[in-house]
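Worksheet: one structure, shown below.
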Amino acid sequence: MHFSRTQWLCASLSLLVFVALALGEAGLWPLGAFDRAITDAVPALRTETLNLLMLAITGLGDSRFLIFVASVTVLALLAAKAWREALLFGAAFALMPVIVKLLKMTIARPRPTVDLYGGVESFSFPSGHATNSALIYGALALLALAVFRKLPGLLLAAAFALLAVMIAVSRIYLGAHWPSDTLAGLGLAGLMLTLMSVIQDELRLPDAAKFVPFVLILLTAAFPLYLLIALPEARELYTALHAE
């Protein structure tokens, strides 16, 4: 595999972010002070309108919706007879949640709202929402760049990247994660996406262009329907909002 200069830079930056935050969690530098400074400032920013917006954004990173997005993406690649790309995306989508769960169990960091979840999900580092969202929507950004080489591809990729960042922000706003949890998740996803981009450079996407608009339309139509199911549950779950 051949890494371009940009790919080396992305991989190095992603690894640096993740390792630095992991070392902070291990106590080698005052990560807690960094996290608390941001977390303590969040309650003053909360409003009812912003609460609803952040609940909707975080819904785009729910595991159930991400499984749907990942499945539609892989099926579209299979329909386009892009067999190797479907295998690449599917393997990455399946592997990342396992990596996140292993890290959570190993590090066992409590969440800011300690009673928010149970089991392994009660652990905080790294954020599963941030990691898996950045991976899946980042993969869609790679797909957009591969299929649409010019401005449309760049705009779609930027939109997916912004969505991943906003999902990470929503996790902090809702009291579900420390800021370092979400940054670590973005760094971890960045490593995987860089590896995917290196492999994808050697692959082709035959006839995939006609399937990308279909995928985007399907995802856009599905999300409001998903919110009807998930939003009432989310309003009860995120207890940090109830203290306002």
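Owing to the predicted nature of the structure, the values given are computational and were not obtained by experimental measurement.
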Using a 4.5 Å cut-off on heavy atoms from C-beta on, say whether the side chain of L140 contacts that of L219.
yes

For a 4.5 angstrom cut-off between non-hydrogen side-chain atoms, does F18 reach L183?
no

CD1 on I57 to CE on M54, rounded to 0.5 Å:
5.0 Å

Taking it one step at a time, do S124 and H177 satisfy side chain to side chain donor-acceptor pair (under 3.5 Å)?
CA-CA 6 Å; S124 192; H177 280 286; 3.3 Å; yes

If we ignore hydrogens and angles and just use 3.5 Å, is the side chain of T39 paired with the main-chain N or O of R36 as donor and acceptor?
no

Side-chain contact test, heavy atoms from C-beta onward, threshold under 4.5 Å: evaluate it for W178 versus I172 and give yes or no.
no

Any non-hydrogen side-chain atom of L143 less than 4.5 Å from a side-chain atom of L77?
yes

Rounded distance (nearest 0.5 Å) linking atom CZ of F68 with atom OH of Y226
11.5 Å

Out of curiosity, C10 SG to L195 CG, how far, rounded to the nearest 0.5 Å?
13.0 Å

Decide side-chain contact (heavy atoms from CB on, under 4.5 Å) for T182 and H129; before the verdict, give the C-alpha distance in whole Å, the side-chain angles of both, and the deciding distance to 0.1 Å.
CA-CA 8 Å; T182 64; H129 263 73; over 6 Å; no

Please examine the side chains of S63 and N132, heavy atoms only from C-beta on, and report whether any two atoms are closer than 4.5 Å.
no

Parallel, tilted or perpendicular, judged at 30° and 60°: which one describes the rings of F65 and F223?
perpendicular

Can you name the closest pair of heavy atoms from V100 and P126 and give their distance?
CG1-O, 4.1 Å

Heavy atoms from other residues, nucleotides or ligands near CH2 of W8 exceed 12 (cutoff 6.0 Å)
no

Please determine which of R109, R171, K104 meets the salt bridge (charged side-chain N to carboxylate O under 4.0 Å, His left out) test together with D181.
R109

Note, S133 side chain near L60 side chain (heavy atom, < 4.5 Å):
no

Can you list the steps and then say if L55 with Y238 is a side-chain contact (heavy atoms from CB on, under 4.5 Å)?
CA-CA 9 Å; L55 286 171; Y238 294 107; 3.4 Å; yes

Residues at least two apart in sequence or cross-chain that pass salt bridge (Lys or Arg N to Asp or Glu O under 4.0 Å) with R64, listed by chain then number, are E233

Exam field: side chain T113 to backbone G175, donor-acceptor pair closer than 3.5 Å
yes

Ignoring hydrogens and geometry, is there a side-chain-to-backbone donor-acceptor pair from T106 to L103 under 3.5 Å?
no

Distance-only side-chain donor-acceptor flag, S180 / E25, under 3.5 Å:
no

Is it possible for you to say whether L53 and I167 belong to one hydrophobic cluster, with membership spreading through side-chain heavy-atom contacts below 4.5 Å?
yes

So is R46 actually on top of Y173's ring, under 6.0 Å and inside 45° of the axis?
yes

Which pair of heavy atoms, one from S127 and one from A130, lies closest together, and at what distance?
OG-N, 3.0 Å

Kindly work out whether a path of hydrophobic side-chain contacts (I/L/V/M/F/W/Y, heavy atoms less than 4.5 Å apart) joins L95 to L142.
yes

In one Ile/Leu/Val/Met/Phe/Trp/Tyr side-chain cluster, 4.5 Å: V169, L135:
yes

Relative to the ring of F89, is the ring of F93 parallel (under 30°), tilted (30 to 60°) or perpendicular (over 60°)?
perpendicular

Just wondering, do L50 and T47 contact through their side chains at under 4.5 Å, heavy atoms?
yes

Does any part of the side chain of P179, heavy atoms only, come nearer than 4.5 Å to the side chain of F34, both counted from C-beta?
yes

Could you tell me the separation between the CG atom of L174 and the CG atom of N51, rounded to the nearest 0.5 Å?
7.5 Å

Nearest 0.5 Å please: distance from the CG atom of L21 over to the CG atom of L188.
11.0 Å

Nearest-0.5 Å distance, CG of residue L23 to CG of residue L31
10.0 Å

